[in-house]
Amino acid sequence: MRSSSPTSLAPARSNGSVRHSPPLGSGSSQILSLLDTAAEQLMVHRDFQAAFDACDRGLARLADVEQEDSSRCAEFKARLCIVGIQALAEQNQWRGVLSWILQQYEHQEKIPPKIMQMCILLYTKVGEQAMMQEATGVWLHCPSNSRVVGFRTVAELYLLHVLLPLGLTGEARELVLGEVGSSAFTEDQRQTALDVVEEKERQNQEPPANPSRSPSPETTEHTISPPVHLCQTGAVIQKLETILRFFYRRLFVTSAGSFPLRRVFMAFILLYMLLVRMDPAHPSSFIWISKLLQLLKQMWTAMFSPYYQTLSHSKRL
């Protein structure tokens, strides 16, 4: 439901003039159009080469309109470079990303932090983070960059994804304790970073496993296989015993006329286990036979003990 108050329909007016963004010139409009085209080719049509070509044309047009609005041109350049990096990565042309970015900005320390972050993550993903070591180090040690938004993120990515994976723990410690660390991190963050560096140093100092002392496959097979086999055998025996007891209870509670069925069932189970599933001469079969005999004795006693007791009692009489 709409409010009847006029203040909710339009911004409040004041005696002073309302500030508006300056209108785009013809050159800026062309660059914005090329940026939209590049984004559409990248995200919608998935034509990565066409997207990169549109970025190149837009960057070339920036030289003509750079004097109109330097801040807006810097924003356009960063956006075009971001789309261009994505287009190159999709074409598996990541090796040329850093050199292409340096062509646009000429100096490493002038690269925007967002683009530095993208480059670090890209080269880390392909396992070539060493290519970003020099450029990121120069960028971080530039005093003017310590005041830009994103400086801490670049320092963190450089520490975790470049220096430590390359085993450069000394350079990592120097980064945290130096001017870059004091500008990028708080005291708690610096302590956490130092803990990460120390943990990496401990991992590097651990001696590698001696392959000559590792057990041979034959030894491993002889030492490990029997226990596993015995565990599996024991589990199967318990499962079989449970199943037999279940069937025994189900058959025992039936009527008296089902007694031959119990005998046939037990004879079938015994013959199946001895003749089909096991080799009676094999040592592993002794446990099975012993368990089966013990179970059969218990069933025999349970089934025929009442008859023997009645017969012996009648003889005494």
Indicate yes or no: at least one non-hydrogen side-chain atom of [X] is less than 4.5 angstrom from one of [Y].
X	Y	value
Val197	Leu163	no
Asn92	Trp94	yes
Leu122	Glu128	no
Pro113	Thr153	no
Ile120	Gln129	no
Leu80	Ile31	yes
Gln41	Gln49	no

- Task: Output, in order, the C-alpha distance, side-chain angles, deciding distance and verdict of side chain to side chain contact (heavy atoms under 4.5 Å, CB included) for Met118 and Gln86.
- Result: CA-CA 9 Å; Met118 287 189 64; Gln86 294 175 337; 4.0 Å; yes

Could you tell me whether the side chain of [X] and the main chain of [Y] form a donor-acceptor pair under 3.5 Å?
X	Y	result
His161	Leu157	no
Tyr123	Val162	no
Thr136	Gln133	no
Ser183	Val180	no
Gln189	Thr186	yes
Lys77	Gln104	yes
Asn145	Leu140	no

- Query: Are more than 12 heavy atoms from other residues, nucleotides or ligands located less than 6.0 Å from atom CD of Glu174?
  - Reply: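 Open.
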
- Message: Please tell me whether Leu166 and Leu121 are part of a single hydrophobic cluster in this structure, the criterion being side-chain heavy atoms less than 4.5 Å apart.
- Response: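 Yes, Leu166 connects to Leu121 through the hydrophobic network.
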
- Task: Using the rule that two of Ile, Leu, Val, Met, Phe, Trp, Tyr join whenever any of their side-chain heavy atoms come within less than 4.5 Å, decide whether Val148 and Phe185 are in one cluster.
- Result: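 No; tracing contacts between hydrophobic side chains, which count when under 4.5 Å, never links both residues.
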
- Item | From Leu42, Asp53, Leu88, residue fulfilling side-chain contact (heavy atoms from CB on, under 4.5 Å) relative to Phe48 |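 Answer to the side-chain contact (heavy atoms from CB on, under 4.5 Å) test with Phe48 among Leu42, Asp53, Leu88: Leu42.
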
- Message: Would you say the ring centers of Phe52 and Trp100 fall short of 6.0 Å from each other?
- Response: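 Between Trp100 and Phe52, which both carry aromatic rings, the centre distance is below 6.0 Å.
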
- Query: Is any side-chain N of the basic residue among Lys110 and Glu106 closer than 4.0 Å to the acidic one's carboxylate O?
  - Reply: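 Judged by the 4.0 Å cut-off on N to carboxylate O distance, Lys110 and Glu106 do not form a salt bridge.
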
- Task: May I ask you to decide whether Glu187 forms a salt bridge with Arg190, counting only side-chain N to carboxylate O separations under 4.0 Å?
- Result: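 Counted as a salt bridge, because a side-chain N and a carboxylate O are separated by less than 4.0 Å.
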
For [X] and [Y], which heavy atoms make the closest approach, and how far apart are they?
X	Y	result
Glu109	Val138	OE1-CG1, 3.6 Å
Leu175	Ala155	CD2-O, 4.2 Å
Ala38	Ala54	CB-CB, 3.7 Å

Distance, nearest 0.5 Å, that separates [atom1] of [X] from [atom2] of [Y]:
X	Y	atom1	atom2	value
Met132	Glu134	CE	CD	10.5 Å
Leu98	Ile111	CG	CD1	6.0 Å
Ser33	Arg61	OG	CZ	11.0 Å
Gln108	Met116	CD	CE	8.0 Å
Arg79	Leu32	CZ	CG	8.0 Å
Leu159	Thr169	CG	OG1	11.0 Å

- Task: Could you please spell out the steps behind the side chain to side chain contact (heavy atoms under 4.5 Å, CB included) verdict for Glu179 and His141?
- Result: CA-CA 8 Å; Glu179 295 181 358; His141 286 88; over 6 Å; no

- Message: Walk me through whether Leu59 and Cys81 qualify under side chain to side chain contact (heavy atoms under 4.5 Å, CB included).
- Response: CA-CA 8 Å; Leu59 291 169; Cys81 288; 4.3 Å; yes

- Quick one: do Arg202 and Glu199 satisfy salt bridge (charged side-chain N to carboxylate O under 4.0 Å, His left out)? Show the steps, please. CA-CA 5 Å; Arg202 283 194 295 268; Glu199 178 62 25; 2.5 Å; yes

- Kindly determine whether Glu201 and Arg173 satisfy side chain to side chain contact (heavy atoms under 4.5 Å, CB included), including the steps that lead there. CA-CA 10 Å; Glu201 289 176 344; Arg173 184 182 295 274; 3.0 Å; yes

